[in-house]
Structures are given as C-alpha cells and as structure tokens.
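To find a chain, count down the sequence lines: A is the first, B the second, and so on, and within it residues start at 1.
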Amino acid sequence: MRRSLEEIRTIANRAAHMTRADSAEAVVISSISALTRFAGNRIHQNVTETDSQLSIRAVLGTRTGVASTNRLDNEAVARCASAAVDAARHAPKDPDFPGLPKPAPLSIPSRSLSLLSMYDAAGRARAAAEIIQQSDARGLVAAGTVSVNDYAVAIANTHDVDASMQTDELRATVLAMGEGGASGWGSFLGRDAGTFLPAQLGSSAATLAERSAGAGDLEPGTYTVVLAPEAVADILDFLGYLGFGAKAFAEGSSFLVNALGTRVADTCVSIYDDALSPATIGISFDYEGQPRRRTPLIEGGVAIGPVTDSYFAAKLDRPDTGHALPAPNPYGPLPLNIEMQAGDATLDEMIGSVERGVYVTRFHYVNVEDPMKVVLTGMTRDGTFLIENGRLSTPVRNLRFTQSVLSALSDVRAIGSKRQLCGGEGGAALAPALLIGHWAFTGQTG
Amino acid sequence: MKDLIATALEAANAAGATYADARVVETRHERLSVRTGRVDGVESGESLGIGIRAIADGAWGFAATSDLSTNGVTSAAREAVALAQAAATTARRPVALAPVDAYTDTWTGPCVTDPFTVSLDDKLALLLLADDVLRAEAAVRVTSTSMNFLAVRKVFGSTEGSLIEQSYVESQAGLTAFAIGDGEMLPRSYPNNLGGQAVQGGWEAILALDLPGHAPRVAEEATALLSAAPCPARETTLIIDASQVALQIHESIGHPTELDRILGDEAAFAGTSWVGIPDLGTLRYGSEQVTVTSDATIPGSIGSFGYDDEGVPAQRDHLITNGVLTGFQTSRESALAIDRTSNGCMRADGWQRQPLIRMTTVSLEPGEWALDDLIADTDDGFYFETNNSWSIDDRRLNFQFGCEIGWEIKNGTLGRMVKNPNYTGITPEFWGSCDAVCNRDHWQVWGIPNCGKGEPMQVAHVAHGAAPARFRNVRVGVAR
C-alpha cells in the first residue's frame, strides 16, 4: 500500500521543520505503479512498484542544498535533513535566490481514486487480452502496455506552504504489427476509465496496421503533411522544453529571447500550459506548492512568455506561473501540461484538402538539431501514408524529417477539432491534428 | 540484506512460484552542478528497496517495494506470484530459462579514493575553477560543469541457490561551454557531452580528467564555432572521434543486437531490430575492419560487473567478427531461443525494476592506424568530434547524428572549422563503409549513464570502447 495523503502531509511538515536551516522545504511523493506489458500477443512483463520519496531543500541565507531518501523512518528523515543542511552550508551564496515562496491559494480538485482497484492484475490482464485479441484475430502481432499510476504528493515549507493532493491515471498503448513492416498505433491516457475502450483501441491500431501493408518508397523532399495528434504532441513537447522554460529564456538560449511579443506562428495557433484543464492529468500545484496557472505560451500566433518558478519569477521580474520541478533540476521550470487550441477541421477535411502530401501517425526518437531555431529530427512510425487527391492512397516506408517547429507553426493550414491527451517526457500534451503546408523529409530507410 | 532475500524467496515459494529471485539494492548518490558562475545544485540522496521476480504458472511477475518490514517483503513476494498468475492468462508458452550454475560470491568494483569522503568544498572548488576558466571567453554566455557520484551495494539471491553480493562506485564529471550569438547556441564539451565521462572508480578518476586544464581550449573552440562556416551538404569521407564512434556503436550496433528487441519484446516502445535470429553467423553487418565485442569484465567501465541481475557471471563475447554478425546480447530466457546459455546482459535500474537485456561494454575493437596517419591518408573529407544530437529509427537502421565541431580535411591535413556538423546513414551501409579504425593508443572506454529502455522506463549505465574510425561516402550537412 502507498502511504496515505495525511501521512505524507505530516511527514512533509515534520521534515521541513526538522532542519536547523534558516528555512526549508520538503516534498514527499508516495506511489504505487502497476504496469502490464504485452508483446508477441501475450503478457511478458507484469510489474508493480511501491515507493515513497522525501526530498528536503535547506536554505542558509542565500545558499541552498538538497537531499533525498526513500526511507521515511525518523532516523532516515533526520539524516536527510542534516545532509540537506550540509549541502547548503558548502554551496556558495546565490544573490538571485529570492527565498522560499509563501503560501498561495490553491485549487485542489477532489478526485475519487478507483483506477488501481479497477485495473488490478486481473483487470489489466483482461484489458490486455481485449487489445491483443484484435490483432490476433487478424493475423497481426500486438505489443503494448496497460498501466496505472496512483500517487500522492505533499509539499511543505517553513513559510507555511502546505499543499497536498492525490490522484491516479491510466495509460495504454498498442502497436499492431503485420508482415513486411506494416504497423499501426493507438494510445490512451486519462483518468476517466469509462472512455478507455481496450477492444476499440486494439481494433483501431490493427486497422491501421492492415492499411499500412505493402508500404512503398517515397522520395524525401518537402511535402504538405497532416500530423495526427501524437505526432503534434511530440513537437509541442520539444517546443515547450526548448523555448518556453524560464531558465533557457534567462540564459538567452531560447528563441523566445528575440521573439517575445512578436508573431512566431500563424494567427490560428494558440498554445497554453494548463495543468488545471479537466482534460489533463496531474496535480494542480508545482513542486514548490505554488498554484499551477493556465499560462499562455503562444496566443494568436504571438509569443507571450516563458513559464516560471519562484526563482526565475524573481530573477525575470515576472509572475510565478507555478511550474517548478523538484529541486534541484538542471532544466528550470518547464511547461508539462501543454495544450494547443483546437480548430474546426475534421481529420477527413484536412486530408481531403491535400492534393499530394503525407499523413503521419506518430514520430519516433525525435531529437534536437538546433535548439534556438527549434529544429528537430526524427522518424515517422506506425502508419505513414501518401495523401493523393484528398485521400490516403498508399502506405509509405518510414521517413526521416529535419524541420524547424517554428517554421512549421508559421505554415499551419488547418487545426483539428478533436484533441487527444498524449503522454510525453514527464507530462502530457493535449494536441489536435495539424495540416502543415511544408514539412522537410530528409531521408528514408529504403 | 541476506535475511530479506531469504524472506522473499520463501514467501514466493510458498505462494506457488516455480522460480524466484530477489535483489536488495542500496544506493547513495551525490550530484553537484555549477552553471555560469553559480552553484546550480548540490544534492545527495539514498535509496533502498527490494525487487522480487517470480515465475508461476509459466509466466513472469515482478513486485518491488521500499517497505522492508517482514510484512512488506512477504506481501511483495506474494504479489509477484499473483502478477505472474495473471500474466499466465495470456501465455503462449511457459517461460523457460537457460541453465546457470548457483554462485555464492562477492564482487567489488575498483575505487582508490571514495568520492563520498572528499569534501563538498573540494569538489565545488574544482567545478568553480573550471567554470571560471570557461567564462574567460566573452562569447561563452552559458557554462555548465558537473560531477555525479553513485555508490551501489546489492545482494542477489535465487531459488536455484545463488547468493551474490556486489558493490561499486561510479564517478562522472565534465564541462560544456555554450557560445551564444546571432540566434544560435553552439556547445563545446570536455571530455564528452551530457555530463562528461563516467567510470567505475573514485575521486582519482575526476582528478585525472583535469577539467580546468582543458577548459581554455573548450572555451576557445566554442567561441570559434560562432564564426565558423556551416558544414556543407555533400557525400564525403568522414572520420569521427572516439566518443562519437562510441555513440554510433551504442545506437546502431548495441541496441539492434539485444535479443529481446529481436524477439519483439521491446517493439511498442524502444522498437525492434533490423537483425533477425537466422542472420546469426551470416549477416554482413560491416566491413572487415568491424569487430565488436560485448565485455562486462573490463576494469573501470560502468558496463562492468561480477554477475548480471540474473546471477550470470560477467563475460566477454563477440557480437560482430570481421564484419559478420556472430552474437547477440542475451538473457537466460532469450538465450534458449537460440540454443545458447546467457552471456550475462540482464540488468535492472535499481531495486524497483525488472531486469532487461542491457548493453555491458560493447566495443569496436581497435585497428592499426594512428589518428594523424589516418587524417594524412585522407584526401578530402571531414573530421567530426563530440556528439550533440542523436536519432535513429525503431529498427535501428536510419540514423542522424549531430556533432559539436568539425574540420574539413584537405590533402591529408585538417582545414577550416565547420559548425553544426551532422551526418546521416543506414546502419549496414555505414559500417560497411568503415575502412580504418585507429589503434589501441586512441582506444578508450566511454561511459554512457543515460541509456533509456523498457516500460516502465529504465536508465542503464553502459559503456563503449572506441577509437576514431573512418567511413567512406557518408552524407554530411543534412539540411537544417
């Protein structure tokens, strides 16, 4: 069993006040994670993990130090507190350190936690079997996961911050594979078990795999593309990481430095970070116990600003948007709940408007070629099709792209009306499909 | 720790396991970072827990907990068995394991000076000094220097009678200067990107890197990159430095020769492989110059150990011999698929995770060339150093790598510097175009402590022995 919310709240408050520092902050996370993994049409990995983590940030003047432990007995907590103070004692002064934040009004949604019992080992096995069945029946091979994460977070500091919340989330993925590299993909992420339909998810991936059989070559070049939501989520993730964190902004390594308040995308493009959206998952405060605010990143194509934590809010003289990650972190504050405003086009309408182009289901192994221009490279995966005369015509082999995200967002021809919550690096993005005028494919596996 | 192992195995047996193993892992870490003159993080931590793996009804289950009370461990063991029984409902065939002897042993990694006994003041002073030197160049607007230390103690026991205790210390340090100007940011690192070099060893390994001594060159090169020409786009001869060869091995040989990927177990996340089981012994993976080993016995490598997390002894094995595929990285279960015994590549990211097939030290064996001679032997081409970006498809064929810095080679000498050099290729074509590998004087084991794989995601510490190597007809300067 994971520890109760009240228990970790007590531990966090006790730990924060245990140090002999000028001030201190404690973060406690207790979780149970259960994951059922299938491949080759059978479950091959079935795991659970139960753990709790305590992290203490101690402050001596403007010096800070952090220590952590997963042992929450009194002796270990005391040792952790002492280690944090020791680290702070040796750290040089940081004149920019504004002190730990004070409490701010929080909105804590009340959530029933039923996913873990609903999707226990038997429940996950049933869901996996339903997904697998869709591929097995069509002579395909399925691989993927069904997982539940149930966790509680408590944050306390000696300035009376006392924030705590518990939540859960359900994730599922499926890759259906056929002969000759044919493959299709589907995923689910959310808290509403009623919208998780395993058979439908498995069927959708299997249909895509069947449709992608017999893929042919497509000459690399610049094409009009329709990106499905998972592909869009991937590039939004990188845009947030490279461009909209206050640390990169303060250091001058974000494109935002030269673009604040100017047009960086088509006027139809609006992108926010919003952990409070009912569509997303996660907790409603950051790892300093500050409220996560709906923060515009790009509004009507205009770059609005970075997300901040208490440190960078003070340094940049901007509001604290509540985007602190657990201290210390090398990235600074980051937007982890990005959402792109929906448009009014259906997927069929977007495809229907393309005379010749490429449809991309998702990307694989995207990485950065140029951080300030947000140039990315990566491969297409699990369902790439040529669009001809307004219809998906033939499947094509996976393509490599090398493309500036900013250029792509300045060439958006249509935005999908339906959005999908997609898991990313440490967060989730609510993404629509996009029709983009020019997208550079720079290679093919052949 | 041994009592906990016994408790776990007894409980798993009692719950119906036909096989079980348990690992108690205790870790301690310390991370120090300095960024642009400011101490960015001083952090230490510890973790302790147990992971229990069980086979019941012919399927696997795994449960992990940090609750090390008798009740906590017993519950986790029972849960591992219950998870196995649930997994069995979709089983196609019962899990079977290649045989391994039962070992009772102790193994310790090399370490002269325990880094946890060195004062924070000394560590930070070294980082701040290096940082100060980096910032002497005005164009270097952002700097990053860091050290990471990890101490691991783990005990493995199995119902087959093994009881193995292992302990080791890892140390890592490095620096990066970022020159920023005119809408571009250009990094230059030493001795490698992403936190530098990582080894099994202690404080002596950090001192041997001499971070402050290398900082002036790094800062100068970062500054020079700002005014360097962009790497032109063409097909040419390419020499890449040892650290970039290490990443090339990692992505295009290490991962595709993992047998779990080949069998499809990683398909949905990490991907599969362009290599198949029938390819063993016949597939031409590269040129005659390409011989690649998997070796978990190299002293000081973060890919080394005494026994893997299935209790299989560390081994040296050939994956590619003179260009022909001759081996895979295996586990006890997957090895049976090719009628072999395990070559000991199963490792887990701590007590929380079920072991997966992970690289040990996968190395391109050294050739005969001195680097100067190799450059002198090259009429026209490029020399690239230090990885900056990496991407490869899900079957590990189509890759694109960016490096931090490059130089043109004209008539056997290094010419003008180029910025943002990148290259792309297809795995067997690329390794097939390798016509020279530098000798053992240039060969070094590079630690890579950030290899991601598996669900839930696991981060493995792996390594690659490499020397600079030359490749013909490579496409460089991919459009940006």
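- Using modelled atom types and a 3.5 Å distance limit, the side chains of A/E369 and B/Q400 yield a donor-acceptor pair.
- Contact of B/R475 with chain A is made through the side chain alone, with heavy-atom distances under 4.5 Å.
- In this structure, A/T69 OG1 and B/R28 CZ are separated by 11.5 Å, a value rounded to the nearest 0.5 Å.
- The most heavy-atom pairs under 4.5 Å with chain A, out of B/M457, B/E30, B/K123, B/E251, come from B/E251.
- Between B/I392 and A/H364, the shortest heavy-atom contact is O-CD2, 3.2 Å.
- Note on A/T380, A/D136, A/D96, A/I32: by heavy-atom pairs under 4.5 Å with chain B, the leading option is A/D136.
- With a threshold of 4.5 angstrom between heavy atoms, A/S183 does not approach chain B through any atom at all.
- Looking only at distances, a side-chain donor or acceptor of A/Q45 sits under 3.5 Å from a matching main-chain atom of B/E455.
- Looking at every heavy atom in both residues, A/K373 comes nearest to B/G183 through NZ-O, 3.6 Å.
- Taking both residues in full, the closest heavy atoms of A/R42 and B/D265 are given as NH1-OD1, 3.2 Å, listed atom of the first, atom of the second, then distance.
- Looking at A/D120, there are no atoms closer than 4.5 Å to chain B (heavy atoms on both sides), in backbone or side chain.
- Heavy-atom distances place the side chain of A/Y311, and not its backbone, under 4.5 Å from chain B.
- Your options are A/P92, A/A125, A/G144, and the one with the most heavy-atom pairs under 4.5 Å with chain B is A/P92.
- Neither the backbone nor the side chain of A/R89 comes within less than 4.5 Å of any heavy atom in chain B.
- B/A270 touches chain A through its backbone: at least one of N, CA, C or O sits under 4.5 Å from a heavy atom, while the side chain does not.
- Heavy atoms of other residues, nucleotides or ligands lying less than 6.0 angstrom from CZ of B/R92 number more than 12.
- In this structure, chain A has a heavy atom under 4.5 Å from the side chain of B/I180, while its backbone stays farther away.
- Looking at A/L72, there are no atoms closer than 4.5 Å to chain B (heavy atoms on both sides), in backbone or side chain.
- Heavy atoms of B/L68 lying under 4.5 Å from chain A are absent altogether.
- Pairing each heavy atom of A/S68 with each of B/H29, the nearest pair is OG-CE1, 3.9 Å.
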After noting the C-alpha distance and the side-chain angles of A/D51 and B/W351, does the key distance pass the side-chain contact (heavy atoms from CB on, under 4.5 Å) rule?
CA-CA 11 Å; A/D51 194 16; B/W351 56 267; 3.5 Å; yes
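- Interface remark: B/R53 contributes no atoms to any contact with chain A (heavy atom separation under 4.5 Å).
- Rounding to the nearest 0.5 Å gives a distance of 8.5 Å between CG of A/L175 and OG1 of B/T272.
- Contacts of B/L48 with chain A are made by both backbone and side-chain atoms, with heavy-atom separations under 4.5 Å.
- Residue B/D182 qualifies as open at atom CG: its count of foreign heavy atoms under 6.0 Å is 12 or below.
- When A/M379, A/Q403, A/M1, A/K93 are compared by the number of non-hydrogen pairs under 4.5 Å with chain B, A/M379 comes out ahead.
- Of all the heavy atoms in A/N70 and B/S47, the pair that sits closest is OD1-CA, 3.2 Å.
- Residues A/P330 and B/D40 come closest through the heavy atom pair CA-OD2, 4.4 Å.
- For B/A59, no part lies near chain A; criterion is any non-hydrogen pair under 4.5 Å.
- When heavy atoms are compared at a cutoff of 4.5 Å, A/M177 approaches chain B solely by way of its side chain, counted from C-beta outward.
- Contact of B/E79 with chain A is made through the side chain alone, with heavy-atom distances under 4.5 Å.
- Between chain A and the residues B/G41, B/A267, B/G264, the largest count of heavy-atom pairs under 4.5 Å involves B/A267.
- With rounding to the nearest 0.5 angstrom, the CZ atom of A/R397 is 12.5 Å from the CG atom of B/N398.
- Residue B/T65 touches chain A through both its backbone and its side chain, counting heavy-atom pairs closer than 4.5 Å.
- The closest donor-acceptor contact from the side chain of A/N46 to the backbone of B/L83 lies under 3.5 Å.
- A salt bridge is absent between A/R362 and B/D394: the closest approach of a Lys/Arg side-chain nitrogen to an acidic carboxylate oxygen does not fall below 4.0 angstrom.
- Using a 4.5 Å cut-off between heavy atoms, B/R31 does not touch chain A at all.
- In the model, B/S391 has a side-chain atom that pairs as donor or acceptor with a side-chain atom of A/R400 under 3.5 Å.
- Between the side chain of B/T90 and the backbone N or O of A/I43, at least one donor-acceptor pair lies under 3.5 Å.
- For B/T89, the part lying near chain A is the side chain, with the backbone staying farther off; criterion is any non-hydrogen pair under 4.5 Å.
- Within the model, atoms CG of B/L397 and OG1 of A/T445 stand 6.0 Å from one another, a figure rounded to the nearest 0.5 Å.
- For chain A, the nearby parts of B/F269 are the backbone and the side chain; heavy atoms of each come within less than 4.5 Å.
- Summarising the geometry, atom OG belonging to B/S44 is positioned 10.5 Å from atom CZ belonging to A/R79; distances are rounded to the nearest 0.5 Å.
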Quick one, A/E251 with B/R35, criterion side-chain contact (heavy atoms from CB on, under 4.5 Å). Give me CA distance, side-chain angles, the key distance, then yes/no.
CA-CA 10 Å; A/E251 290 181 345; B/R35 198 159 172 101; 2.5 Å; yes
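- Ranked by heavy-atom pairs shorter than 4.5 Å toward chain A, the options B/A64, B/G45, B/S33 are led by B/A64.
- Of the listed residues B/Q85, B/E333, B/R353, B/R93, the one with more heavy-atom pairs under 4.5 angstrom with chain A than any other is B/R353.
- Of the charged side-chain nitrogens involved, at least one lies within less than 4.0 Å of a carboxylate oxygen, so that B/E266 and A/R37 count as a salt-bridged pair.
- With a 4.5 angstrom heavy-atom cutoff, A/T442 touches chain B via backbone and side-chain atoms both.
- Of the possible polar contacts, none joining the A/N367 side chain to the B/S389 backbone as a donor-acceptor pair under 3.5 Å is found.
- Within the 4.5 Å cutoff, side-chain heavy atoms of B/P456 are placed close to those of A/V47.
- Remark: B/E184 CD to A/M372 CE distance equals 8.5 Å, nearest 0.5 Å.
- Heavy atoms closer than 4.5 Å to chain A are found in the side chain of B/L356, but not in its backbone.
- One finds a salt bridge joining A/R71 and B/E26 here, because a Lys/Arg side-chain nitrogen approaches an Asp/Glu carboxylate oxygen to under 4.0 Å.
- Among A/V141, A/N41, A/L54, the residue with the largest count of heavy-atom pairs under 4.5 Å with chain B is A/N41.
- A side-chain contact (heavy atoms from CB on, under 4.5 Å) with A/H90 is found for exactly one of B/D122, B/V42, B/L120, namely B/L120.
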